[in-house]
Amino acid sequence: MTRFIDVHSLVRLVDETGVAEFLAALSDALRDDFLRWREFDKKARVASHSHLGVIELMPVADDGAYAFKYVNGHPHNTQVGLPTVMAFGVLAEVDTGYPVLLSELTLTTALRTAATSAMAAKALARPDSRSLALIGNGSQSEFQALAFHALLGIEEVRVFDTDPHATDKLVRHLSACTPLDIVRAASVADAVRGADIVTTITAYQGHATVLTPEMIEPGMHINAVGGDSPGKTELHPGVMGLARVFVEYEPQTRVEGEIQQVAADFPVHELWRVLLGEVPGRESPRQVTLFDSVGFALEDYTALRYIQRIATERGIGQQIALVPELDDPKDLFGLTASGRRRAVLRRAA
Ligand SMILES: NC(=O)c1ccc[n+]([C@@H]2O[C@H](COP(=O)([O-])OP(=O)(O)OC[C@H]3O[C@@H](n4cnc5c(N)ncnc54)[C@H](O)[C@@H]3O)[C@@H](O)[C@H]2O)c1
């Protein structure tokens with residue numbers, strides 16, 4: 001049988017664990033998997049674009065497990081009462097192809113994206129970073145703030161969104177569940193001024209210029225999350241020229257990331273190499289570092305395996321017949337009414 005984790009089961013897993021603890025465990029698991037990067041069969045995700053958004057399939061595998069995520073990105077969705085990003089995914093055994101887990105991945109995507117952002121910032125931001133500017137206060141934003149607070153020791157969050165209701169919601173949640181100092185900024189420039197780390201996590205179907213070169217200060221770490229598909233970016237191209245740039249999987253990010261706006265040979269470094277100590281991360285306290293995040297399948301593989309482990313330990317989720325359970329593995333027809341009738345007739349004869 002296949003374990004099925006719906007949204008309610010995932011919420012139970014997160015609530016029983018605690019959001020900060022879940023983020024910390026996920027961040028450790030992500031680091032372990034990034035450190036064995038060479039063991040994975042990797043490919044850029046398969047994207048299906050329309051004028052309003054994108055639907056993507058994200059596969060990855062190692063010798064033991066295969067994972068894929070279905071995910072969309074539709075910035076206008078919130079106007080029709082749907083989230084911008086929705087997702088689900090599957091974990092399967094490589095040796096048999098048997099799907100062991102079918103799980104919600106919408107909430108999980110927010111958790112794994114925040115855990116990945118924090119993992120990257122731990123390797124790239126100045127260790128004395130205490131303030132975070134958070135531009136874009138939608139679905140992903142609380143998870144980002146919590147990850148940076150719990151995993152990097154961020155004490156102040158400077159928030160801005162073009163939609164004041166989104167900021168109201170973020171401020172309400174963060175003040176209820178964290179001791180963070182929250183500053184409501186009047187503009188992007190106001191939020192970014194003096195911040196050690198800047199996260200951009202906005203949704204706009206086009207080339208936005210949320211951050212411009214004159215906003216960037218020496219020593220900043222930029223965590224650019226919202227530009228994640230062709231024609232959908234957040235940074236003025238001049239920002240890249242000011243920074244040492246890091247990516248998840250270069251072949252995918254060249255097409256989908258902020259670096260789609262610069263020359264094809266613009267120098268970037270894959271994050272796993274920094275984690276393994278093969279290339280330097282930040283080279284000086286005044287250097288600007290930029291994590292051009294688009295989301296890579298390995299992050300969902302890690303999340304699915306973590307969910308499978310803790311759900312099994314705690315007996316959470318349903319067992320469902322996603323594929324047939326057969327007495328005779330060659331007798332698929334026996335499942336149908338005609339096949340069952342023949343079996344009854346055979347037994348009666
Ligand atoms: N890189 C990754 O791994 C990854 C993972 C998940 C989501 N994302 C992307 O992150 C973005 C945010 O996702 P979400 O689920 O929070 O979306 P959301 O629609 O819930 O929130 C986006 C927010 O951005 C705000 N916004 C739009 N333009 C802005 C601007 N110029 N300045 C300030 N605020 C602005 C909107 O008002 C909205 O509140 C999306 O673009 C999504 O595709 C990336």
Side-chain angles (χ1 to χ4, degrees), residues 26 30 45 47 49 52-56 58 69 71-87 89 105-120 133-145 147 158-171 173 184-192 198-212 215 222-236 246-249 252-253 256-260 271 290-300 302-303:
L26 204 47
L30 281 163
R45 58 188 163 198
H49 297 278
L52 288 179
V54 64
I55 296 176
E56 297 161 329
M58 303 171 66
K69 174 163 90 169
V71 64
N72 76 303
H74 286 77
H76 296 284
N77 263 9
T78 53
Q79 290 165 26
V80 295
L82 288 172
T84 297
V85 175
M86 299 172 283
L105 288 181
T106 304
L107 183 53
T108 303
T109 291
L111 289 156
R112 74 75 151 134
T113 304
T116 305
S117 291
M119 176 180 72
L134 190 42
I135 315 301
N137 302 161
S139 292
Q140 312 294 319
S141 60
E142 287 84 355
F143 301 91
Q144 290 280 326
R158 307 173 59 81
V159 298
F160 178 76
D161 193 299
T162 43
D163 172 9
H165 298 298
T167 306
D168 291 344
K169 173 223 57 164
L170 174 63
V171 170
H173 284 314
R184 261 190 105 125
S187 64
V188 175
D190 183 27
V192 166
V198 178
T199 288
T200 54
I201 192 148
T202 66
Y204 175 72
Q205 193 65 16
H207 290 294
T209 47
V210 176
L211 290 186
T212 51
M215 295 179 194
I222 304 164
N223 175 43
V225 184
D228 58 0
S229 99
K232 177 168 174 277
T233 56
E234 293 180 304
L235 308 187
H236 183 288
F246 301 86
V247 299
E248 290 143 314
Y249 180 54
Q252 184 178 314
T253 311
E256 300 182 350
E258 296 300 330
I259 57 168
Q260 68 185 270
L271 182 61
L290 164 59
F291 177 43
D292 184 1
S293 160
V294 293
F296 182 53
L298 178 55
E299 295 149 26
D300 304 298
T302 305

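Any value given below was found using the heavy atoms of this structure, including those in side chains, with hydrogens, waters and symmetry copies removed. Atoms within each ligand, like the ligands themselves, are counted from 1 in listed order.
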K.L.:
Hey, could you give me each pair passing side-chain hydrogen bond (donor to acceptor under 3.5 Å, both in side chains) that has a residue in residues 198-212? Not counting sequence neighbours.
P.N.:
Thr199-Asn223, Thr200-Glu234, Thr202-Glu234, His207-Thr233, Thr212-Glu214
K.L.:
Which N or O atoms of ligand 1 sit under 3.5 Å from a protein N or O, and how far apart is each pair?
P.N.:
from	atom 1	to	atom 2	distance (Å)
ligand 1	1 (N)	Val225	O	3.1
ligand 1	1 (N)	Ser293	O	3.4
ligand 1	1 (N)	Ser293	OG	3.1
ligand 1	1 (N)	Val294	O	3.4
ligand 1	3 (O)	Arg112	NH1	3.1
ligand 1	3 (O)	Gly295	N	3.3
ligand 1	15 (O)	Gln140	NE2	2.9
ligand 1	16 (O)	Ser139	N	3.1
ligand 1	16 (O)	Gln140	N	3.0
ligand 1	19 (O)	Thr84	OG1	2.6
ligand 1	20 (O)	Ser139	N	2.9
ligand 1	20 (O)	Ser139	OG	3.3
ligand 1	24 (O)	Ala203	N	3.4
ligand 1	34 (N)	Thr162	N	3.4
ligand 1	37 (O)	Asp161	OD1	2.6
ligand 1	39 (O)	Asp161	OD1	3.4
ligand 1	39 (O)	Asp161	OD2	2.7
ligand 1	41 (O)	Thr202	O	2.8
ligand 1	41 (O)	Gly226	O	3.2
ligand 1	41 (O)	Lys232	NZ	2.7
ligand 1	43 (O)	Asp228	OD2	2.8
ligand 1	43 (O)	Lys232	NZ	3.0

K.L.:
Are the side chain of Asp190 and the backbone of Ala185 linked by a donor-acceptor contact shorter than 3.5 Å?
P.N.:
no
K.L.:
For Ser141, what residues pass the side-chain hydrogen bond (donor to acceptor under 3.5 Å, both in side chains) criterion, not counting sequence neighbours?
P.N.:
none
K.L.:
Taking side-chain hydrogen bond (donor to acceptor under 3.5 Å, both in side chains) as the definition, give me every residue that meets it alongside Asn137, ordered by chain and number, with sequence neighbours left out.
P.N.:
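side-chain hydrogen bond (donor to acceptor under 3.5 Å, both in side chains) check on Asn137 returns Thr167.
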K.L.:
I need the minimum non-hydrogen distance between Leu30 and Ala115, along with the two atoms involved.
P.N.:
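Looking at all heavy atoms of both residues, the closest pair is CD1-CB, 3.6 Å.
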K.L.:
Distance alone, cut at 3.5 Å: any donor-acceptor contact between the side chains of Thr109 and Lys69?
P.N.:
yes
